[in-house]
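Read through the structure below, which is laid out as structure tokens, and then see the notes.
Naming: A, B, ... by sequence-line order, numbering from 1 per chain.
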Protein chains: 2
Amino acid sequence: MKRKLTLKQIARELDVSISTVSKALRDSHEISEDTRQKIKAFAKLYNYKPNNIALSLKNRKSKTIGVIIPEIVHHFFTTVISGIEQVANEQGYHVIICMSNNSFDKEVINMELLANGSIDGFIISVAKETQQKKDYHHLTEVINQGMPLVMFDRVIEEINCDKVIIDDVIGAKKAVQRLIDLGCKNIAIISTVDYISVGKLRTQGYIQALNENNIAIDENLILKVEDFEKSEEEIKVFLADKDIDGLFAVNEHFAIYAIKAFTERGLKIPEDVSVIGFTNGELSKLSNPGLTTVSQHGAEMGAQAASLLIKKLESTQDHDDAFQTIIIETGLVERNSTKC
Amino acid sequence: MKRKLTLKQIARELDVSISTVSKALRDSHEISEDTRQKIKAFAKLYNYKPNNIALSLKNRKSKTIGVIIPEIVHHFFTTVISGIEQVANEQGYHVIICMSNNSFDKEVINMELLANGSIDGFIISVAKETQQKKDYHHLTEVINQGMPLVMFDRVIEEINCDKVIIDDVIGAKKAVQRLIDLGCKNIAIISTVDYISVGKLRTQGYIQALNENNIAIDENLILKVEDFEKSEEEIKVFLADKDIDGLFAVNEHFAIYAIKAFTERGLKIPEDVSVIGFTNGELSKLSNPGLTTVSQHGAEMGAQAASLLIKKLESTQDHDDAFQTIIIETGLVERNSTKC
DNA sequence: TTTCAACACGAAAACGTTGTAGTAGTAGTA
DNA sequence: TACTACTACTACAACGTTTTCGTGTTGAAA
């Protein structure tokens, strides 16, 4: 198998020194026009490309950002990645992605893999399991090594670093307020167990909205889904006997399962029940009826996260440890699952 | 910012040579039990981790596989990645992912980034734009450099390399045959323009199924979607005046747009029209009614691709250029969009 | 006493770069 | 002639590893 062309080979071939080749290719004025042209022509002909690994080793940086996401299924993460790539590429950085699949172990392994030289900094949304376990040693370790880290979406408060989040509370509140404005009297919520930060916060928003409108909280109308895998069944059972006219779900899946459950009971959306989900993804767009959702502006989040990270990477001040938390505004995309 | 601990620092600290440290950490018998323990304890205490970049440079391999996918939205790709990771991790390889976002340029840039040392081999599903442009220089270049490459799903016939595909023709044929067996008389297909290989092949399957059942091909029942972005509208218009009782769509999106269009016309699924999609993803599961689809066994594909690649990577024979094409069987997952 | 193996360690090269410092050779100046 | 200045290069160190090949010190056998 042919090895890649190196400076050394070019040097030998053209009977000059390695330094000369390197300099010629970087257009150094130290090298005569003649030699420069000759070397450049040769390099181009044989398609010379510098070895990134060697460069990384030499420069002690890779100009690469590592992104760790828990699951790729959510369209939301795709938009975040797009945002990250946009900004990163503009600034001459590359992006590589690893999936943790919501597994703590995988998150740790992937971070260790990348942290040992491959990348200059992390952008991460932590795995469910990590939030649950509350074991953050891999995160603190990376930070202690002096590698910048930016968290987005699923962040961990205890960790001191830059963060980009949406205001889950306000986002949820907006959604529930909309349901109230539409005249809904009995509004239920389908959320997640509390160790998932976003679930917890969105539930808070739900409660605040009700409180501010002097509507009593009915614990029976709050479902905290335990197991994502079995959520469809859980939701069906939960909704089976509920007499509600409004529903707020903390993600797309739950909202769609709910619509399914309602439809099967013969209820009409939005005539009988208005439903609002969270995360404006593919599913919401394609669902039937189209799902009204809180939109998270993923691209914006990704862009901000990348900006923060790169700023840290390029700052020469070693102890610029003023960490920021950027809050991205949410929107409300109205479709046909809410009456107008 | 603290630098990572290196062998050199350990050596200086413990007043031994770098070689000694390296050997001690790798449990060489050349080093006395005493020193070995001392060094290992120190390394553990200060959490020494070898620098991957240096290792890659030295070994001229990174034990990392690069995966390039066109879009992450499709649940299908997620399952493929899982399959790849499964096999790769078992064999001590890591996986990094880059998205081309279906852009030719991004595909090229990402490949060049990874090819220059970061990875040992590629697993790729090419971008739409690449298939359209028929510009494969980045692929051939990588191959010429001796870097193994495995294509999956969207493959390019002209390129000589290992491939993992499903039999799109047979998969489509199965689906259409099912519609015929269900008693459908007028079966339409929503496909893509022919430069997308899978679209072309699935259309062939459709035609074969009809032929084998002595049903005449009606060109009016064949839609080849040009622009993904505008597909919803295109499909709506196409279906507006069609009197059909069966529909086969070459992906989930098209199937769901079709169902939406039918529903808006007041037609019932599956009573009036049976619909089958391709790719058994999230959308099919969550759509209402659940969508009957051809399943592609993504994890299996990923696993096979990774196996093929690793086999090539570990084979010492330089000219083991017998390339394989593995065909993964498709299944049919029946849900409620087809009557039973 | 000499010779030799075993032991425990160190020096150095290599992977592919880049940048600094050094050095021939030439031309110009006093 | 002798000095300087410039041109056009080359040598070398460094990034962090691993590994091969020394090498000095023992202790034991001859």
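Residue side chain Lys23(B) reaches the base of dT20(D) through a donor-acceptor N/O pair under 3.5 Å, judged by distance alone. At a cut-off of 3.5 angstrom, the base of dA8(C) holds no donor-acceptor pair with the side chain of Ser32(B). At a cut-off of 3.5 angstrom, the base of dG16(C) holds no donor-acceptor pair with the side chain of Lys4(A). Judged by distance alone, with hydrogens and angles left aside, Lys8(A) brings no side-chain donor or acceptor close enough to the base of dT17(C) to form a pair under 3.5 Å. Under 3.5 Å, the side chain of Ser17(B) and the base of dA11(C) form no donor-acceptor pair of N or O atoms.
Applying the Watson-Crick and G-U wobble criteria (two distances, each under 3.5 Å), dG16(D) pairs with dC15(C). Using N1 to N3 plus N6-O4 or O6-N4 for Watson-Crick, or N1-O2 and O6-N3 for G-U wobble, each under 3.5 Å, dC7(C) pairs with dG24(D).
The CG-P distance, from Leu7(B) to dG10(C), rounds to 13 Å in whole Å. One interatomic measurement links the two molecules: CD of Glu33(B) to C1' of dA8(C), which rounds to 13 Å at whole-angstrom precision. For the pair His29(B) NE2 and dT20(D) P, the computed distance is 11 Å after rounding to whole Å.
At least one side-chain nitrogen or oxygen of Arg60(A) sits closer than 4.0 Å to the OP1 or OP2 atom of dG16(D). When the side-chain nitrogen and oxygen atoms of Thr35(A) are compared with OP1 and OP2 of dC9(D), one or more of them lie within a distance under 4.0 Å. Remark: Ser22(A) is in phosphate contact with dT18(C), judged by side-chain N or O atoms under 4.0 Å from OP1 or OP2.
Along DNA chain C, the nucleotide nearest to Ile18(B) and the one nearest to Leu57(B) differ in position, and the one closer to the 5' end is contacted by Ile18(B). If Leu5(A) and Ile31(B) are placed on DNA chain C by their nearest nucleotide, the residue sitting closer to the 5' end is Ile31(B).
Between the side chain of Asn52(A) and the main chain of Leu113(B), a donor-acceptor pair closer than 3.5 Å is present.
Side-chain contact check for Glu141(A) and Gln145(A): no donor-acceptor pair (N or O, by modelled atom type) lies under 3.5 Å.
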